[in-house]
Each structure stands twice: as structure tokens, then as C-alpha cells.
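These notes concern the structure reproduced below.
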Amino acid sequence: MSDEPFRRVLVPIANEADARVTGKAVADRFDDSTLIPIYVVEKAGGAPDAAGVEQREEFAETLFKIFEAVIDESTLIVEPTVGYGIDVAATILEVADDERADAIVFVPRSESRWRQLLTGDVARKLINRTDRPVLILPGDRDE
């Protein structure tokens, strides 16, 4: 493995609280890097989607603004992107390839065991399927 620092870092975010907590967590840990926050518009795979694509893209823009609000843009570049796919983890990994990300970084969200079972536990899939470093950062305990 190279000793080079992570220059391009993919940062999955899922909701407003996650954007805020993850933004704070990565802001102090990376210098001179490009952060690529990604929101995945989950497709239903043939069934009607829960919300329209435009509505979800607007939601993604809101998340990116929250994320960027806590980032010091003097030392970091932020290049938000939206991914589209049926499997959230697979979509994140595809975008990591497309963006030539050096690492995937996230703060685990507290979810119930039932929700993890129903959603397939995206974090576990990222860790088990990736071909690049995955960094799991602690979140702000006050959030």
C-alpha cells in the first residue's frame, strides 16, 4: 500500500443528520484532499419508486449544502455527486471506481437491527465488497 495520503475521498451521506455529523468528522481529518460526498437515489428495480427522481435530487442538494457548511473549503475541495442504483452499497462502490477514490469514509448511523436486516446493512456490504480502504470515523456523540 502506498504512503500517499488519501487525495480523493468518497463520503456517502444519507440524511440531514448524517450530512452534518459526517461533515464534521471528515473536516478535521483531511488536508488538501478532494471530498466527494455521494447521495444514492435508490431505485426500486421495476416497482414504482417511493419518491420522484427530481424530488430526491433536490434532497441530495440539501444534504450537500449541509455537508459543505461544516467543511473548511480553504484546505479541501468538495465535489458532490449523486449515484443511482438498486443496491446502495454496489452503487457507492461503482461511483468510487468512476471517481478514482482512494478511500471510502463514513460515520456509522445508529439503526435498529431490524432496519439493518431490511436494508441489507450497507456499511457491512461496503466493508466486505470493497477493493480500497474504508475508514469508519466516530461521530459526534452530542448529535
Side-chain angles (χ1 to χ4, degrees), residues 1-45 49-143:
M1 186 169 163
S2 170
D3 290 336
E4 291 290 317
F6 300 126
R7 294 285 182 215
R8 296 185 60 77
V9 179
L10 191 70
V11 186
I13 52 177
N15 57 43
E16 291 95 342
D18 189 32
R20 191 173 302 105
V21 169
T22 302
K24 287 179 184 175
V26 299
D28 296 333
R29 290 186 170 88
F30 295 95
D31 290 321
D32 300 323
S33 296
T34 299
L35 300 178
I36 308 164
I38 176 174
Y39 175 76
V40 176
V41 174
E42 193 172 1
K43 305 295 289 174
D49 292 326
V53 171
E54 287 182 19
Q55 185 180 15
R56 292 171 149 197
E57 289 173 337
E58 289 174 11
F59 180 67
E61 290 301 319
T62 299
L63 299 182
F64 297 148
K65 287 178 183 172
I66 292 169
F67 182 85
E68 290 180 57
V70 296
I71 299 293
D72 178 4
E73 294 185 43
S74 65
T75 62
L76 296 167
I77 298 169
V78 179
E79 296 178 357
T81 190
V82 177
Y84 301 88
I86 297 170
D87 182 327
V88 173
T91 303
I92 291 169
L93 295 172
E94 289 171 14
V95 172
D97 281 343
D98 293 345
E99 295 288 340
R100 298 182 320 272
D102 299 313
I104 300 169
V105 176
F106 66 93
V107 174
R109 298 186 316 263
S110 59
E111 293 182 349
S112 74
R113 202 70 179 139
W114 283 111
R115 183 167 168 86
Q116 289 178 355
L117 288 170
L118 293 172
T119 61
D121 194 356
V122 173
R124 185 167 30 95
K125 287 181 180 177
L126 284 177
I127 294 167
N128 290 332
R129 295 180 184 173
T130 190
D131 61 352
R132 68 198 75 229
V134 175
L135 302 176
I136 302 171
L137 301 176
D140 186 352
R141 294 175 192 254
D142 295 333
E143 292 285 329

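This chain uses plain numbering: 1 for the first residue, then up along the sequence.
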Can you check side chain to side chain contact (heavy atoms under 4.5 Å, CB included) on Val82 and Val41, steps first, answer last?
CA-CA 7 Å; Val82 177; Val41 174; 3.6 Å; yes

Residue pair Ile136 / Val107, side-chain heavy-atom distance below 4.5 Å:
no

Tested for side-chain contact (heavy atoms from CB on, under 4.5 Å) against Phe67, the lone hit among Val21, Val11, Thr62 is Val11

Could you note down all residue pairs passing side-chain hydrogen bond (donor to acceptor under 3.5 Å, both in side chains) where residues 81-96 supplies at least one of them, sequence neighbours left out?
Glu57-Tyr84, Asp87-Arg129

Run the numbers on Thr22 and Leu137 for side chain to side chain contact (heavy atoms under 4.5 Å, CB included), then give the verdict.
CA-CA 8 Å; Thr22 302; Leu137 301 176; over 6 Å; no

Taken in chain and number order and not counting sequence neighbours, the residues that satisfy ring pair (Phe, Tyr, Trp, His ring centres under 6.0 Å) with Phe59 are Tyr39

For Phe6 and Val9 the tightest heavy-atom approach is CB-CG2, 3.8 Å

dist Asp31:CG -> Leu76:CG (nearest 0.5 Å) comes out at 6.5 Å

Atom of Ala19, atom of Ile66 and distance for their closest heavy-atom approach
CB-CG2, 3.9 Å

What distance do Leu35 atom CG and Ile77 atom CD1 have between them, rounded to the nearest 0.5 Å?
9.5 Å

Identify all side-chain donor-acceptor contacts of residues 95-105 below 3.5 Å with residues at least two apart in sequence or on another chain.
from, atom 1, to, atom 2, distance (Å)
Asp97, OD1, Arg132, NH2, 2.2
Glu99, OE1, Arg8, NH2, 3.0
Asp102, OD2, Arg7, N, 2.8
Asp102, OD2, Arg8, N, 2.9

Can you name the side-chain contact (heavy atoms from CB on, under 4.5 Å) partners of Glu68, sequence neighbours left out?
Phe64, Glu73, Val78, Pro80

Walk me through it: do Glu42 and Ile86 pass the test side chain to side chain contact (heavy atoms under 4.5 Å, CB included)?
CA-CA 5 Å; Glu42 193 172 1; Ile86 297 170; over 6 Å; no

When rounded to the nearest 0.5 angstrom, what distance separates OG1 in Thr130 from NZ in Lys125?
14.5 Å

Short side-chain to backbone donor-acceptor contact, Arg29 and Ala25, under 3.5 Å:
yes

Using side chain to side chain contact (heavy atoms under 4.5 Å, CB included), reason through Leu126 and Phe106 one step at a time and then give a plain yes or no.
CA-CA 10 Å; Leu126 284 177; Phe106 66 93; 4.2 Å; yes

